[in-house]
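These notes concern the structure reproduced below.
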Amino acid sequence: MGQSVPNAVIGKLSRGYASHRHAILFYSLLTTLGAAPLLMALRFDGALLEFFLALNLLAGALGVEAGWKKRALLTLAVAAVGIHFASAQGDAIGARPAVLAFWTAIALLSAASSIRFAMRSTRVDAEHIYAALSAYLLAGIFFGVLYHGIESVWPGSFNIAGAQGEFPLFDAMYFSFVTLATLGYGDLLPVSEIARGLAIIEAVSGQLFLAVMIARLVGSYARITDGREQ
């Protein structure tokens with residue numbers, strides 16, 4: 001009897017999270033991205049931003065459907081967290097590229113999972129819309145971590161106006177979302193061929209995602225509306 005109450009509470013929380021996991025992920029991502037400039041303005045260490053991003057990516061990994069894919073992604077996420085904190089404690093700079101590679105893979109797989117969830121259903125509800133929005137934000141995070149990793153491995157791949165040689169994670173995220181939205185402020189420039197190529201891919205992918213996803217969701221909603229009218 002004593003153990004049944006905690007189990008019931010855990011089961012209820014688990015079911016609640018499963019039914020609203022994409023909404024929770026979206027607001028968690030949005031809060032983290034909105035808090036990032038404030039953290040930088042208050043001179044918090046960049047490790048705090050990395051910690052919050054890690055929590056978001058773990059939440060994205062939890063959103064993957066049950067099975068070997070979810071177990072593999074969670075194992076990858078836990079390994080990335082372990083390597084990250086081990087490298088931070090031991091100041092192992094050489095482990096940094098491996099950590100960034102882990103986070104990049106997790107962000108990509110989480111975005112793909114959200115896109116699959118949003119695209120495969122024939123009905124449209126709030127959870128499918130949140131999945132599409134989460135996929136868009138995860139794509140920006142994926143490219144941001146990737147840009148940061150490229151600069152860490154090949155210094156000089158990016159040029160920040162007035163701060164050459166410095167490319168923290170927040171700046172990489174900023175450049176990623178500016179590119180994803182095709183704003184192009186020009187205060188941060190890709191210099192190397194690989195950086196320019198990835199920027200082109202991100203800009204084109206962002207526009208295609210919006211066009212295809214909006215058409216898909218509107219089409220599904222129209223079919224539901226037509227079915228009700230008939």
Minimal non-hydrogen separation, [X] against [Y], with atom names:
X      : Y      : result
Ile115 : Met213 : CG2-CE, 4.4 Å
Ser114 : Ala135 : CB-CB, 3.8 Å
Val145 : Thr104 : CG1-OG1, 3.4 Å
Trp154 : Ile194 : CZ3-CD1, 4.3 Å
Ala118 : Ala131 : CB-CB, 4.1 Å
Phe158 : Ala195 : CZ-CB, 3.6 Å

Check whether [X] and [Y] end up in the same hydrophobic cluster, where Ile, Leu, Val, Met, Phe, Trp and Tyr are linked by side-chain heavy atoms less than 4.5 Å apart.
X      : Y      : value
Leu38  : Leu33  : yes
Leu188 : Val178 : no
Leu42  : Met40  : yes

Practice prompt. Mind checking side chain to side chain donor-acceptor pair (under 3.5 Å) for Tyr174 and listing every partner two or more places apart, or none if nothing turns up?
Written response: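 In terms of side chain to side chain donor-acceptor pair (under 3.5 Å), with neighbours along the sequence ignored, Tyr174 is linked to Asp187.
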
[atom2] on [Y] to [atom1] on [X], rounded to 0.5 Å:
X      : Y      : atom1 : atom2 : answer
Leu138 : Asn56  : CG    : CG    : 8.0 Å
Phe142 : Leu108 : CZ    : CG    : 4.5 Å
Met173 : Ile141 : CE    : CD1   : 4.5 Å
Glu127 : Ile24  : CD    : CD1   : 8.0 Å
His20  : Leu25  : NE2   : CG    : 14.5 Å
Ser157 : Phe167 : OG    : CZ    : 9.0 Å

Worksheet item: What do you reckon, are the aromatic ring centroids of Tyr27 and Tyr130 less than 6.0 Å apart?
Response: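 Yes - the distance between ring centres of Tyr27 and Tyr130 falls below the 6.0 Å cut-off.
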
Worksheet item: With a cut-off of under 6.0 Å to the ring centre and 45° to the axis, is Arg21 in cation-pi contact with Phe117?
Response: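 Output yes; distance and angle both within limits.
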
Name every donor-acceptor pair, under 3.5 Å, that has one atom in a side chain of residues 200-212 and the other anywhere in the protein, sequence neighbours excluded.
unit_1	atom_1	unit_2	atom_2	d
Glu202	OE1	Tyr147	OH	2.7
Glu202	OE2	Ser176	OG	2.7
Ser205	OG	Ile201	O	2.6

Discussion item. Which residues end up grouped with Leu189 if you chain together Ile, Leu, Val, Met, Phe, Trp and Tyr wherever their side-chain heavy atoms are less than 4.5 Å apart?
Written reply: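 For Leu189, no cluster forms, as it stays isolated from other hydrophobic side chains.
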
